[in-house]
Amino acid sequence: MTEPTPFPGTVEWSGENPGISLKIEPDGPFVALASFFRVVLSPHGRGHALVLAQSPQEATPPPERANVVLHDNEPLARYLVGGFVRHFGAFRGLPVIDGFAYRRLDSVAASGDPASTYRETVRAGDLTVELTWTGLGEPFCFVLPPEKSATGRHTMPSLFVGCEHASISVNGHALPGAPVPREIAGRAITTAMLAFSETWIRT
């Protein structure tokens, strides 16, 4: 019988973390970022958080282009931003990371099919944000060792589904930009993907 493969360390959180990172030019800056979390286990319990940067290159943009974190568990949302999102490649070093406004969400819903088109819709007061992934590819599983994870100190097993096209819509208006090519675990995908069954284990 094949022996199980243990991952030593402390499980810090587990859940889903699909994201969309958009550029206008492939070699230009990111112009819109969204990282969505559906967490089933963490030191702060369960919850949802949408980290939305409409103006990732600005710390204090005007209200119509605000950078917000929509959540139903603020301690969890701050834990995710402070300990993880700030290390994600698209967010790392950007002015936005310390300037988010935290707002309580009213509802969150997933729809569609990860085999074709998938959507997350988050509502908070007068704000409705839709994240849409299309042209979805074949699911694949992998494990990033700590030295290759975003934080540099976590083992991260995950299931990814790459996609060709994605959009971030705020109150019916699509933010500018499109995903650009990237590679992870030997797979050519883009800067928009579905990430399911994701677990961060601190070593």
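Residue numbers count from 1 along this sequence.
Residues E164 and T190 fail the side-chain proximity criterion, which asks for heavy atoms closer than 4.5 Å. Within the 4.5 Å cutoff, no side-chain heavy atoms of K23 are placed close to those of T191. Using a 4.5 Å heavy-atom threshold, the side chains of V31 and L175 count as separate. No side-chain heavy atom of Y118 sits less than 4.5 Å from a side-chain heavy atom of C163. Inter-residue side-chain proximity for F30 and V96 is flagged as unmet; no heavy-atom pair is nearer than 4.5 Å. Contact check for V170 versus L52: side-chain heavy atoms found under the 4.5 Å cut-off.
In the hydrophobic clustering of this structure, V161 does not group with I184; members are Ile, Leu, Val, Met, Phe, Trp, Tyr whose side-chain heavy atoms approach within less than 4.5 Å, directly or through other members. Under the 4.5 Å side-chain heavy-atom criterion for grouping Ile, Leu, Val, Met, Phe, Trp and Tyr, L76 is not connected to L50 through any hydrophobic cluster. Taking hydrophobic clusters as Ile, Leu, Val, Met, Phe, Trp and Tyr residues chained together by side-chain heavy-atom distances below 4.5 Å, V51 does not share a cluster with L105. Residues L159 and L136 fall within the same hydrophobic cluster, defined by Ile, Leu, Val, Met, Phe, Trp and Tyr side chains chained together at heavy-atom separations under 4.5 Å. By the rule that hydrophobic residues join a cluster once side-chain heavy atoms approach within less than 4.5 Å of another member, V69 and I168 end up as members of separate clusters.
Atom OG1 of T199 and atom CG of N17 lie 11.5 Å apart (nearest 0.5 Å). E16 contributes atom CD, which lies 8.0 Å from atom NE2 of H48 (distance to the nearest 0.5 angstrom). H71 contributes atom NE2, which lies 13.5 Å from atom CZ of F37 (distance to the nearest 0.5 angstrom). Atoms CG and CG, from L33 and N67 in turn, are 9.0 Å apart once rounded to the nearest 0.5 Å. Considering CG of L131 and OG1 of T121, their distance stands at 8.0 Å, rounded to 0.5 Å. A distance of 5.0 Å separates CZ of F100 from CZ of F91, quoted to the nearest 0.5 Å.
Annotation: R182, atom CZ; neighbour count of heavy atoms from other residues, nucleotides and ligands within 6.0 Å is above 12. A 6.0 Å sphere centred on CD of E25 holds no more than 12 heavy atoms belonging to other residues, nucleotides or ligands. Surrounding CD of E183 are more than 12 heavy atoms belonging to other residues, nucleotides or ligands, all under 6.0 Å away.
Checked for salt-bridge contact, D98 and R86 meet the test: a charged N lies under 4.0 Å from a carboxylate O.
Of the options D113, T132, T134, a side-chain hydrogen bond (donor to acceptor under 3.5 Å, both in side chains) to R119 is made by T132 and by none of the others. When each of F84, W13, Y102 is paired with Y79, the ring-ring contact (aromatic ring centres under 6.0 Å, His included) condition holds for F84 and for no other.
Scanning both residues, A49 and L80, for their nearest heavy atoms gives CB-CD1, 4.4 Å. I20 and S167 get closest at one heavy-atom pair: CD1-O, 3.4 Å. A pairwise comparison of heavy atoms in P43 and E12 identifies CD-O, 3.0 Å as the closest pair. Contact detail for S149 and L144: the closest heavy-atom pair is CA-CD1, 4.3 Å. Nearest heavy-atom pair across P18 and W133 is CB-CZ2, 3.6 Å. A pairwise comparison of heavy atoms in H87 and R92 identifies O-NH2, 2.6 Å as the closest pair.
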Pair I201-H154, side-chain contact (heavy atoms from CB on, under 4.5 Å): steps then yes or no: CA-CA 5 Å; I201 305 165; H154 290 84; 5.8 Å; no
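Side-chain N or O atoms of R103 include one that pairs as donor or acceptor with a backbone N or O of A124 at under 3.5 Å. Under a 3.5 Å cut-off, the side chain of S169 and the backbone N or O of E130 do not form any donor-acceptor pair.
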